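Take a look at the structure set out below.
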Amino acid sequence: MGSGQDLRHRWDLSPREAVQLQKELARKVVLQPLPLDFDVLAAADLSYFKGGTYLAAVIVTFRWPDLSPIETVHVKAPVKFPYVPGLLSFREIPALLEAFQRLRTRPDVFLCDGQGLAHPRKFGLACHLGLVLDFPAVGCAKSRLCGEHPPLELRKGHSVPLVLNGERVGSVYCSRTGVKPLYISPGHLADLPSSEELVSRCVGRFRIPEPLRRAHAAATALREGRALT
DNA sequence: GCGACAG
DNA sequence: ATCTTGTCGC
């Protein structure tokens, strides 16, 4: 009993403890409109080295709203938590926090490659990262983890509600005509309308929002020992 | 017991 | 996520 305070800053948890912690922390998530007149956007992504023993965590910051890149930081760290659907944040956040410490720029918002509220316990990666850093965060996943939604017309700009247990937790958004949709959900200090607006403004010529594409490219480059441009 | 299942 | 070749379409 009373494990809340004890688990708050630990990452070496068992999957079972992690689930319990998510239930506690989910209550602390704040949903509110995210002002879209901020200055710096940060995008985070990771890539795993072959063998699965190491990973590269990357955070790239961009000037808003033109999205010109500011700086890129990264860390290579050993993987310490297995991939378990629903517990992704425990696997990726420790490394992202290390990368965050190397950042010289102060981000205003974080765009994450994963779910926010659209999670079985309403505590996806974006919620967890935002809460831990006390920063606004938005989740933008490439596939569905949970929730149901009506058919989506695959035309750029269209979106339908993503519902979980009768509650709207996100939006299924078509960023480009004819491509698979994106799963958008607020993480922390953001709400659905502003999250969807943020993501839509980040979409350029491809399905994946430019900031995430850039972060992903950097993470992949690191994995392949290449240079990050 | 049988599927589903972010990255 | 990563492992992998060619191939269909704009």
Side-chain angles (χ1 to χ4, degrees), chain A residues 11 15-16 18-19 22 25-26 29 43-60 74-97 99 110-132 137-149 154-156 162-165 169-188 192 195 199 204-209 211-226:
Chain A
W11 295 98
R16 177 172 176 168
V19 168
Q22 290 184 319
L25 297 183
V29 171
D45 190 40
L46 296 79
S47 74
Y48 295 80
F49 286 77
K50 50 187 180 300
T53 57
Y54 286 92
L55 58 75
V58 174
I59 294 179
V60 184
H74 75 275
V75 298
K76 177 177 181 178
V79 174
K80 298 180 178 179
F81 200 90
Y83 170 69
V84 180
L87 299 181
L88 181 65
S89 62
F90 290 89
R91 180 179 171 83
E92 308 197 329
I93 290 184
L96 287 176
L97 292 181
F110 270 86
L111 184 56
C112 306
D113 181 9
Q115 316 288 353
L117 268 191
H119 174 280
R121 291 169 290 284
K122 295 173 64 176
F123 198 68
L125 174 65
C127 298
H128 206 158
L129 184 64
L131 195 61
V132 170
V138 171
C140 179
K142 300 180 295 299
S143 63
R144 187 190 70 90
L145 171 60
C146 63
E148 306 78 47
H149 65 82
L154 271 43
R155 292 197 9 175
K156 182 180 176 66
L162 179 60
V163 177
L164 178 63
N165 299 320
V169 295
S171 288
V172 184
Y173 177 76
C174 184
S175 57
R176 297 287 295 174
T177 297
V179 303
K180 295 196 308 178
L182 258 25
Y183 295 76
I184 304 170
S185 58
H188 182 51
L192 191 47
S195 293
V199 173
R205 177 180 179 198
F206 305 95
R207 177 173 85 116
I208 306 301
L212 288 181
R213 287 189 73 228
R214 183 98 183 194
H216 187 275
T220 298
L222 288 169
R223 191 191 67 231
E224 301 177 343
R226 299 159 38 201

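Since we're looking at a predicted model, the values are computed, not measured. Note that these values count all heavy atoms, side chains included, but never hydrogens, waters or copies made by symmetry.
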Enumerate the protein-to-nucleotides 7-10 of chain C contacts in which both atoms are nitrogen or oxygen and the separation is below 3.5 Å.
none

inquiry  = Which residues pass the side-chain hydrogen bond (donor to acceptor under 3.5 Å, both in side chains) test with Arg91(A), not counting sequence neighbours?
reply    =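 Here the qualifying residues are Tyr48(A).
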query = Does dG7(B) have OP1 or OP2 sitting under 4.0 Å from an N or O in the side chain of Ser143(A)?
reply =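 Yes, such a contact exists.
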OP1 or OP2 of dC5(B) under 4.0 Å from side-chain N/O of Arg144(A) =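 So the side-chain polar atoms of Arg144(A) do come within 4.0 Å of the phosphate oxygens OP1 or OP2 of dC5(B), strictly under.
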Starting at atom [atom1] of [X], determine the distance to atom [atom2] of [N], rounded to an integer number of angstrom.
X	N	atom1	atom2	result
Tyr48(A)	dA6(B)	OH	C1'	10 Å
Arg91(A)	dA1(C)	CZ	P	12 Å
Leu164(A)	dA4(B)	CG	P	18 Å
Lys142(A)	dG7(B)	NZ	C1'	6 Å
Arg121(A)	dA6(B)	CZ	P	13 Å
Leu182(A)	dA6(B)	CG	C1'	12 Å
Lys122(A)	dA6(B)	NZ	C1'	18 Å
Leu88(A)	dA6(B)	CG	P	9 Å

task = Indicate yes or no for a side-chain donor-acceptor contact from His188(A) to the backbone of His128(A) under 3.5 Å, with no hydrogens or angles considered.
result =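 No; judged by distance alone, with no hydrogens or angles, the pair does not exist.
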query = Does the Gln115(A) side chain pair with the main chain of Lys122(A), one donor and one acceptor, at a distance under 3.5 Å?
reply =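 Side chain of Gln115(A) to backbone of Lys122(A), a donor-acceptor pair under 3.5 Å: no, none is there.
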query = Of all the base pairs, Watson-Crick or G-U under 3.5 Å, which form stems of three or more consecutive pairs involving DNA chain C?
reply =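 The stems: there are none.
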Salt bridge flag under 4.0 Å for residues Asp45(A) and Arg214(A) =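 The answer is no: the pair does not qualify as a salt bridge.
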[X] near the nucleic acid: base, sugar-phosphate alone, or nothing, with a heavy-atom cut-off under 4.0 Å?
X	value
Gly86(A)	base
Tyr83(A)	base
Leu87(A)	base
His216(A)	sugar-phosphate

key: By salt bridge (charged side-chain N to carboxylate O under 4.0 Å, His left out) - contacts of Glu224(A) (at least two apart)   =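 Residues passing salt bridge (charged side-chain N to carboxylate O under 4.0 Å, His left out) with Glu224(A): Arg226(A).
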Pairs meeting criterion side chain to side chain donor-acceptor pair (under 3.5 Å) with involvement of residues 169-183 of chain A, two or more places apart =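 Checked against side chain to side chain donor-acceptor pair (under 3.5 Å) - neighbours excluded - the pairs reaching residues 169-183 of chain A are Arg168(A)-Ser171(A), Ser171(A)-Glu196(A).
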key: Spacing of CG belonging to Leu87(A) relative to CZ belonging to Arg121(A), to within rounding of 0.5 Å   =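 Between atom CG of Leu87(A) and atom CZ of Arg121(A) there are 5.5 Å.
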message = Can you list every stem that DNA chain B is part of, counting only runs of 3 or more consecutive Watson-Crick or G-U wobble pairs with both distances under 3.5 Å?
response =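 Counting only runs of 3 or more consecutive pairs, none involve DNA chain B.
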